[in-house]
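Here is the structure we will look at, set down as structure tokens.
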Amino acid sequence: RVLEKISRDPSLSDSPRLRYEAERELEIEQESLYRTIPPGGAKAYLFIGLADARSPGANPRVTLRYRVNAGSNDPTAIYRVRFYINQVLFERQVALAASQTLLFDKRLIDEDGTVTLVVENDRENPRELAFPPDGLEVLYSSGDYATNFVRIMFVMWVKLGFTAAVAIAASTFLSFPVACLVAMTVLFAAESAGYLKESLDYYVSMTKDGIDYVALVVRVIAVPISRVFQVYAELKPTAKLVDGRLLGWGPLLSSSLVLIAWAAAVLGLGWAIFRQRELATYSGR
């Protein structure tokens with residue numbers, strides 16, 4: 001792939017950035033091919049970790065959630081698709097670019113918690129169909145909404161507490177407007193750390209002409225920020241609440257402990273700074 005790029009554009013040279021771009025292109029192409037099925041074709045997808053879904057106290061019905069794309073996603077087009085869940089056939093007429101669900105019995109899940117899903121694109125369909133990266137999901141009920149809501153609210157409270165700790169610490173040695181600006185900057189950096197990490201994968205400092213020093217300075221500043229706030233960014237309580245996703249006790253406790261430790265460290269820093277401040281005394285009558 002690198003040699004092909006150089007043959008098309010003689011100004012290019014073999015460099016780490018060119019190799020990285022070629023690797024990313026190949027990876028994206030292979031992932032797209034993996035999720036694309038031509039008319040009359042079929043592909044198998046394996047789901048693991050579903051042992052809890054077939055436990056005695058679990059809901060007897062499990063949900064397959066899918067979204068199909070084809071061509072320009074004509075809203076009037078209906079595609080005939082066959083789903084084989086561990087060799088049990090479910091035939092559906094599917095609208096394009098719309099999330100749809102299919103319920104199946106939990107007894108179809110293997111004892112080791114795996115499900116083999118074979119998707120067949122009917123040969124009479126005019127185009128190949130493709131699933132987006134989140135276009136195939138197996139969902140099952142785990143716990144109740146109220147308990148999950150409490151966990152999510154606790155995470156939001158901890159995240160708010162961390163921001164408040166930064167604001168309090170900043171106010172011990174900065175003026176009110178500057179302390180507000182610092183707290184808002186930290187909040188913005190923490191909330192955008194996930195997007196920043198994805199962006200840095202494509203923003204490299206090595207070019208065909210050598211080092212891009214502007215990009216290098218940006219990466220020196222941005223990479224530590226994305227790594228420091230990675231735990232904060234991975235907690236997405238609002239998205240989980242809206243989508244009805246489970247926030248488990250494990251991720252809740254581990255992430256909350258990290259954020260609480262950060263907040264305690266920041267408050268300790270503010271306390272240490274405040275102890276060194278000289279407070280003015282009023283000497284008038």
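Computed from a predicted model, the values in this text were never measured in an experiment.
Checked for salt-bridge contact, Glu4 and Arg8 meet the test: a charged N lies under 4.0 Å from a carboxylate O. Glu124 has no carboxylate O lying under 4.0 Å from a charged side-chain N of Arg80, or vice versa, which leaves the two without a salt bridge.
Here the straight-line distance linking atom CG of Leu139 with atom CZ of Phe47 works out to 9.5 Å at 0.5 Å rounding.
Nearest heavy-atom pair across Ala222 and Leu196 is O-CD2, 3.6 Å. Contact record, Arg127 with Asn121: O-ND2, 3.3 Å, taken as the closest heavy-atom pair. Of all non-hydrogen atoms in Leu96 and Ala77, the two that sit nearest each other are CD1-CB, 4.0 Å. Pairing each heavy atom of Asp52 with each of Tyr140, the nearest pair is CB-OH, 3.8 Å. The two residues Ala53 and Ala58 make their nearest non-hydrogen contact at O-CB, 3.4 Å. When every heavy atom of Val118 is checked against every heavy atom of Ala44, the shortest pair comes out as CG2-CB, 4.0 Å.
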Check your understanding: What's the verdict on salt bridge (charged side-chain N to carboxylate O under 4.0 Å, His left out) for Arg1 and Glu29, showing C-alpha distance, side-chain angles and the deciding distance?
Key -> CA-CA 12 Å; Arg1 180 60 67 93; Glu29 288 176 10; 3.1 Å; yes
Check your understanding: After noting the C-alpha distance and the side-chain angles of Leu64 and Leu117, does the key distance pass the side chain to side chain contact (heavy atoms under 4.5 Å, CB included) rule?
Key -> CA-CA 10 Å; Leu64 170 66; Leu117 171 68; 4.0 Å; yes
Review point. What do the steps show when you test Val81 against Ile37 for side chain to side chain contact (heavy atoms under 4.5 Å, CB included), and what is the final call?
Key: CA-CA 11 Å; Val81 182; Ile37 307 173; over 6 Å; no
Practice item. Quick one: do Glu137 and Arg67 satisfy salt bridge (charged side-chain N to carboxylate O under 4.0 Å, His left out)? Show the steps, please. Key: CA-CA 9 Å; Glu137 297 177 299; Arg67 187 166 78 252; over 6 Å; no
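Other residues, nucleotides and ligands contribute more than 12 heavy atoms inside 6.0 Å of the CD atom of Glu27. Under a cut-off of 6.0 angstrom, the local environment of CD1 in Ile260 is crowded, with over 12 non-hydrogen atoms contributed by other residues, nucleotides or ligands. Taking a 6.0 Å sphere around CZ of Arg82, one finds it holds more than 12 heavy atoms contributed by other residues, nucleotides or ligands.
Between the side chain of Asn73 and the backbone N or O of Ala70 there is at least one donor-acceptor pair closer than 3.5 Å. The backbone N or O of Arg107 lies less than 3.5 Å from a partner atom in the side chain of Asp105, making a donor-acceptor pair. With hydrogens and angles ignored, the 3.5 Å screen pairs no side-chain donor or acceptor of Tyr45 with any backbone N or O of Val119.
For the residue pair Glu191 and Tyr232, a side-chain donor N or O sits within less than 3.5 Å of a side-chain acceptor on the partner.
Grouping the Ile, Leu, Val, Met, Phe, Trp and Tyr side chains by contacts below 4.5 angstrom, directly or via other members, places Met184 apart from Phe229. Note: the hydrophobic cluster containing Trp262 does not contain Trp271 (ILVMFWY, side chain heavy atoms under 4.5 Å, direct or indirect links).
A ring pair (Phe, Tyr, Trp, His ring centres under 6.0 Å) with Tyr66 holds for exactly one of Phe131, Phe83, Phe90; it is Phe83.
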